[in-house]
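Please read these numbers as outputs of a predicted model, since none were measured by experiment. Below, chain A is the first sequence line, B the second, and so on; all start at residue 1.
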Number of protein chains: 2
Amino acid sequence: MPVGTLVTMDPHLLRTFVTVARLASFSGAARELGYTQSAVSQHIAALEGDLGLPLLARRPVAPTRAGERLLEHARPLLLRLDAARADLTRMAAAPAGDLTLAAAPLAVHPDTLAALPATRVTLRVLPRDEIPAALAAGTADLGIVDGLAAPNDPLRLPDVAPLTATRVAEAPLAVHLPAGHPLAHRPGLRLGDLIDARWLDAPAAGLPLDRLRAAHGTPGFRPALRYDGTDVRTLTALAAAGHGLTLLPATIPPAPGATAVPLTEPRLVHRTELLRTGEPAGPAATVAAALTTPPQSARVGHPARRG
Amino acid sequence: MPVGTLVTMDPHLLRTFVTVARLASFSGAARELGYTQSAVSQHIAALEGDLGLPLLARRPVAPTRAGERLLEHARPLLLRLDAARADLTRMAAAPAGDLTLAAAPLAVHPDTLAALPATRVTLRVLPRDEIPAALAAGTADLGIVDGLAAPNDPLRLPDVAPLTATRVAEAPLAVHLPAGHPLAHRPGLRLGDLIDARWLDAPAAGLPLDRLRAAHGTPGFRPALRYDGTDVRTLTALAAAGHGLTLLPATIPPAPGATAVPLTEPRLVHRTELLRTGEPAGPAATVAAALTTPPQSARVGHPARRG
DNA sequence: CGACCGGCATCAGCGTTTCTGATCGAGGGT
DNA sequence: ACCCTCGATCAGAAACGCTGATGCCGGTCG
């Protein structure tokens, strides 16, 4: 299949456009990018002339409707471009002995830690959505991400670069409730029972509430206390203290004063996956192999192949 | 957050690289792209020099390991770039009166057809995975895609451009069996009961088998007859004739001599979604509104926001 | 009210990039 | 042995993209 025939839209122009939009200033963008203000002006003029549309309102500088749209295209495009470059230049360099692992907060499982070599390892905890970008940019060699999914369903991840995802583990889910909660003694809970409850909102550490809403197909799941850290023990403690419910993998023990009740419906699991760029090399390969004993691999770049 | 600082990797160079790789020929690519062979040679040299890696073996011309990797980056990149360009230039042109609708084979539902205006409409049936690209390229104004999904889960689609997906319908699933089949009189079937059966392999028309394997987490689901068309009636007839089983939305009636048995486990639905680029305008807006009476919208560009 | 100042547009000029066209060496087929 | 195709390389010409200077507009302050 032939790849398109248009091309143009020089990434340099896109980059200055994005910068101008972010700073709301031509001269500011020029300073940041190391250009003359004149050059920046010409860049924007070139883009607008090429597309036949005004992209920015001047005085004050703000993107037009078309400009907004171009930003939506340009930002991921530049991300991918940098990712491609980083990936390829990495292939040129010899594989270093050091290994950097980027992990989402709930994705670091004791088994995982046991599989790591003793030395020259950096473990970096990042928000889930930034891990693919970190891999792509070469900031990390291996990624561990987690999320809610139907059993055996791969996770949905931002598509910034051709990454390979491998299933590491799946665990059932449990709702953490304070011991005195009326539902705390049930053997199992359905998500529908808990729509009207108040939930901890912990986007960095836990499972985001909008994912629950999507899974159940309703709004609801009102946020109570918001926790911006990544520490899971704090989260369970908050649940024990009655600040709201949390849904966590069943492998996480509840804090004293709390109970973890298995979630029975819908059939969701907490899935963790290993992410890597292309062929693993050097120490990354060893760790990757150790983490994925039952190999169940899937490409995430083009998810629709499986849909 | 600032967008990366590297840039370079001129798309023109990437385009000639992709073309050279596809044609396995420098001069062939030159002919196709309207360059001199000399220019193509210099393009490749520039890329290789820039990255510090050989990308192509000469004589015969074939991508190296690094070249393969670059292709994986470059192809979606160019796709996105063209999509961005097409999207923006479309904004420049006045919205035409004509409406082109790209639909996956199983996604065209009677209700959908009823919602269409009487004139100036083109309905084009495409493989599911090509619909986002068609929208992005401006070949179609609206897309209708379908697929297997957990209830209330959005579909997984190739991420070529910022598209908006809206739920149109969800239907339960049914397995089509010949009337004489031992399981034909069951009230319901579980997917696990059918791993060892032979299945129709109809990637263009039906639900792909590898999606079933993913849903059940096992290999199995051996392909029997392969059907490359997109006609659903043929598919049901093939199932009736005993050429293999098919899984179809329960809204599709079985052919004479066949029975449709509801699928009870796992909890999967046949979901159809409406796709559009940014803000709908002109007649597309009317149709889009008509198709999505209960609005349940979601951005597909960055699926991880919900996971 | 007028001068000033910051910010974007425009222009000429020049250095660099990036084509073309010609030439060369290496293989492969006749 | 010859020719023909293919890719690499080189010199020159055209095109491109940057800088620095200048112009214009709007807001601000004496």
Student: Are A:Tyr35 and D:dC18 close enough that a side-chain N or O sits under 4.0 Å from OP1 or OP2?
Tutor: yes
Student: What I'd like to find out is whether the side chain of B:Leu71 reaches to under 4.5 Å of the side chain of B:Arg22, using heavy atoms alone.
Tutor: no
Student: Can you find a pair of side-chain heavy atoms, one from B:Thr277 and one from A:Arg69, that are under 4.5 Å apart?
Tutor: yes
Student: Do we see a donor-acceptor contact under 3.5 Å between the side chains of A:Ser25 and A:Arg31?
Tutor: no
Student: At a heavy-atom distance below 4.0 Å, what parts of residues 37-49 of chain B sit against DNA chain C?
Tutor: B:Ser38, B:Ala39, B:Gln42, B:His43
Student: Could you check how far NE2 of B:His12 sits from P of D:dA15, rounded to whole Å?
Tutor: 16 Å
Student: Check the distance between D:dG26's P and A:Phe26's CZ and give it to me in whole angstrom.
Tutor: 16 Å
Student: Any chance you could lay out the salt bridge (Lys or Arg N to Asp or Glu O under 4.0 Å) test for A:Asp159 and A:Arg80, step after step, and finish with the verdict?
Tutor: CA-CA 9 Å; A:Asp159 183 24; A:Arg80 288 197 79 115; 3.5 Å; yes
Student: Hey, are A:Ser38 and A:Gln42 close enough side-chain-wise for a donor-acceptor pair under 3.5 Å?
Tutor: yes
Student: In whole Å, what is the span from the CG atom of B:Leu13 to the C1' atom of C:dT17?
Tutor: 12 Å
Student: Under 3.5 Å, is there a donor on one side chain and an acceptor on the other for B:Thr139 and B:Arg124?
Tutor: no
Student: Distance check: side-chain N/O of B:Ser27 vs OP1/OP2 of D:dG7, anything under 4.0 Å?
Tutor: yes
Student: Just to be sure I understand the rule, does B:Gly34 reach a base, reach only the sugar-phosphate, or reach nothing, if contact means heavy atoms closer than 4.0 Å?
Tutor: sugar-phosphate
Student: A:Asp10 has an atom CG; how far is it from atom C1' of C:dT18, in whole Å?
Tutor: 13 Å
